[in-house]
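Okay, structure first, notes after.
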Amino acid sequence: MREYKPNEIEKKWQDIWEEKKVFETDDDKSKPKFYALVEFPYPSGQGLHVGHPRPYTALDIVSRKRRFQGYNVLFPMGWDAFGLPTENFAIQHKIHPREVTKRNVAMFKQQLKSIGFSFNWDREVNTTDPNYYKWTQWIFIKMFEKGLAYKHEMPINWCPSCKIGLANEEVVAGNCERCGGEVIRKVKNQWMLKITEYADRLINDLDTVDYIDRIKTQQINWIGRSEGMEVNFKISGKEDSLKVFTTRPDTLYGATYMVIAAEHPLIDKYKDDIENMDQIKEYQEYASKKSDFERTELSKEKTGVEIKGIRAMNPVTKKEIPIWISDYVLMSYGTGAIMAVPAHDTRDWEFAKKFDLPIVEVVKGGDVEKEAYIDTESGVLVNSGIINGLEVKDAIEKISNWLEEQGLGHKKTNYKLRDWVFSRQRYWGEPIPLVYCDKCGWVPVPEDELPVMLPEVENYEPTDTGESPLANMTDWVKTTCPKCGGGAKRETDTMPQWAGSSWYFLRYIDPHNNSEIADKEELDYWMPVDWYNGGMEHTTLHLLYSRFWHKFLYDIGVVSCREPYSKRTAHGMILGENNEKMSKSRGNVINPDDIVNEYGADTLRTYEMFIGDFEKGVSWSDNGVRGCRRYLERVWRLQDIVVPGEKYTKELETSIHKIIKKVTEDYETLKFNTAIAALMELLNEFNSIGKITKADLRTYLILLNPVAPHITEELWEIAELDGMLHDATWPKYDEDKIQDKVIEMPIQINGKVRGKVTVKVDDTQDIVREKAKEDESIMKHLEGKQVVKEIFVAGRIYNIVVK
RNA sequence: GCGGGAGUGGCGGAAUUGGCAGACGCGCUAGACUUAGGAUCUAGUGUCUUUGACGUGGGGGUUCAAAUCCUCUCUCCCGCACCA
């Protein structure tokens, strides 16, 4: 027997697969299709991380298995290559970002290939390829034409160190997701995408897809839909009224004051009526200086100032109530103003207590002097005029209708989701394909002039003024208006990194198409993606964005399905051996290349699947890697114990049928760790018997192949099994043969196992009782005792209760 | 604070219509083979006061039988977080 040398056999089989085009998709559209998708990587300069192969191997396993089962499988790979790190590297080393990208892609591709994934490399896409971003720009133009893209002057999240604007989703606890630095507010004219218009559908259609629960919950939370009413509070002595949003219109009679956000426009409008403008201004300044972090800090005292000189009127009690400003009311949510019901809202209660404002109980059940009483269901209304005596949920219904009839308010749905800030002031991104003409306004670049190519610039450095480096390219910026032919200027902002990844799964379907995103027939065959696996960190970013774009493409008839992905799962992160996140500075980074070189790709794959629950974070263990290598060594030695024979070895038959079932199911349910454990167990069984037939080996190799494709192909060849392993079909199991005929039945006395007897699976209680009597240790526990009760579960357990 | 998930050997983790707790792997112990190697093989490995008892974060309960169900409680992780 030769030595097991992974480096030799892995290269050999990777070449054979490539040469024979083993993994290419089939043109035969009558076959059932399976579209497996993993998130395409950002090709960074650091190269592949051991975290990458985990999800890739998982879906590679499923893809390989499905091919054996006769599916037409699409399992593509590409590059999400626009982005800041590349641009920064380019600036630092004075190399064109295009060149940096090319190098990084080459490195990533070589690394991925060495692990033996069955990707459809003939369908590789790259978001920085003009033939690709042409269509990213095309989609943007379609959105612009439908009014979903608009330019808007607004304060955005600005990262001073990256010199870039950020979407809300990119800000984590007030800090830049990328560099960790503090994010400040900066007013800028930005391109926005109206994702809010799709908010309802993005929530509702989650019912039609199979995503793991935490993803659905997180998206629902992020979109933050709440149903309520917009109610008008008239400002005393003025024509205006102050609009508030509330989900508890039933508590309206308990609204004893109002609070508006510090930035509320009302203040400026009535500055002449306000008596304490100095105080107000002082508070506004104080509020604006607070960072987002301070604003959201826990257990802080409520602050605020009463606006003297203007008051509002409670529309149901007709009483005049004061208006305050406070930073606990946000301008960015609802109307920027609230009605305060201190008796039944914790925040209002705290505020009222601090500033000694009246608290009026309107829902019975608590002690509103001690704390706010919250009951959104069946509490009974008091002190509440027309809704007195009703339960909360009925009161909401009645008062809402009444307010609408009186023209005092209307039903309204509010969302936390904001429109998507889509401009970036950077070089390495898709140019926004619009020009500005003084006469015609914003005009899209005609389709036949797409793509708007990124121009060659001298300098990619971002500017402190917040303008894109492209703004300095006067020749490029100056253009003519496609509409009137007059002078015009190009938009110099570029798109965010999330643009290219919002639709890439469509391009894989027909990556070389020059006339459309992809052929409609091909799209209809392959879409939706059957299984998409990715990281939890993309739940409210890429995953949400791409669902939004897909829905838009559905609306304009490009695709025929409402949702892009039928199923979404998420993998856990791989941490360093010290249980900390892998990073250069911690010095705990594992390079997958080193594992491949030292132990082989099959070991890396097996280990990453065996390491633990796929959905949970796990820490790396070098010893664990060695254990998997040892397992594969034992698999390798199976060649020594193979004997001819086209039937399963008699004693192994049940085990083999069982494992076919187990592995088939486990590969589909992300339980790779238990599938591998079962394969190890069967191997131990093989070795204890000492010889196996070719039939035993054949099934074993096919089952293991998706995890460890190289070694299994090689062993298949060595054992001279028919043809090549990758052409084999997935084994079937026989439900009858899974059931053990003979079992070791545990015998319990008073619930404790006192012995075991070997019985036929369908033996009756009487037979088992007789056998149990032959067992000394069982009899010993029965001696001198009286049998009170016997529980017998056929084929499982026999419990004797004694006194 | 609200919502969700999880607590099992020295470690990663198995076992969920209630039915043998600790599969599989790591680590560890002993032995074999070896001019010592992080190789391979064999046996063992939950704990203890070991003819037995105890044991799935802790307390209580249901049951012939509980890691699994109920109840109280502690701890950790994740998500949201002044969202009206």
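Labels below follow one simple rule: chain letters A, B, ... track the order of the sequence lines, proteins then strands, and each chain is numbered from 1.
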Letter per nucleotide, 5' to 3', of nucleotides 2-14 of chain B [B base touched, S only sugar-phosphate touched, - untouched; heavy atoms, 4.0 Å] | ----------BSS
Taking only N and O in the side chain of Arg630(A), is any of them less than 4.0 Å away from OP1 or OP2 of rG27(B)?
-> yes
Is it true that the NZ or CZ of Lys302(A) lies under 6.0 Å from the centre of Phe351(A)'s six-membered ring and within 45 degrees of the ring axis?
-> no
Salt-bridge contact Lys760(A)-Asp762(A) (side-chain N to carboxylate O under 4.0 Å) = no
Against the side chain of Tyr328(A), the closest entry in rA84(B), rU40(B), rC82(B) is rC82(B)
Give me, pair by pair, the N or O atoms of the protein and of nucleotides 68-70 of chain B that are less than 3.5 Å apart, along with how far apart they are.
none

I'd like a list of close polar pairs between nucleotides 46-52 of chain B and the protein, N/O only, cut-off under 3.5 Å.
from    : atom 1 : to        : atom 2 : distance (Å)
rG52(B) : OP1    : Lys780(A) : NZ     : 3.2

Gap between atoms CZ and P, on Phe233(A) and rA84(B) respectively (whole Å) = 16 Å
Tyr607(A) and Tyr599(A): aromatic ring centres closer than 6.0 Å?
-> no
Would you mind reporting whether Leu704(A) and Tyr631(A) have side-chain heavy atoms less than 4.5 Å apart?
-> yes
What's the closest nucleotide to the Asn623(A) side chain, out of rC54(B), rC26(B), rC20(B)?
-> rC26(B)
With a 4.0 Å heavy-atom cut-off, tell me which residues in residues 676-692 of chain A come close to RNA chain B, sorted by residue number.
-> Ala677(A), Met680(A), Glu681(A), Asn684(A)
Pairing annotation in dot-bracket form, given for RNA chain B with Watson-Crick or G-U pairs under 3.5 Å and | for cross-strand partners = (((((((..(((......[....)))((((((.......))))))(((...)))..(((((..]....))))))))))))....
For nucleotides 64-67 of chain B, print each protein N/O atom paired with a nucleotide N/O atom at under 3.5 Å, atom names and distance only.
from    : atom 1 : to        : atom 2 : distance (Å)
rC64(B) : OP1    : Lys789(A) : NZ     : 3.3
rC64(B) : O2'    : Asn799(A) : ND2    : 3.2
rC64(B) : O2     : Asn799(A) : ND2    : 2.6

Residues Asp213(A) and Lys216(A) bridged, charged N to O under 4.0 Å = no
Choose from rC20(B), rA84(B), rC80(B) the nucleotide whose nearest atom is closest to any side-chain atom of Pro746(A).
-> rC20(B)
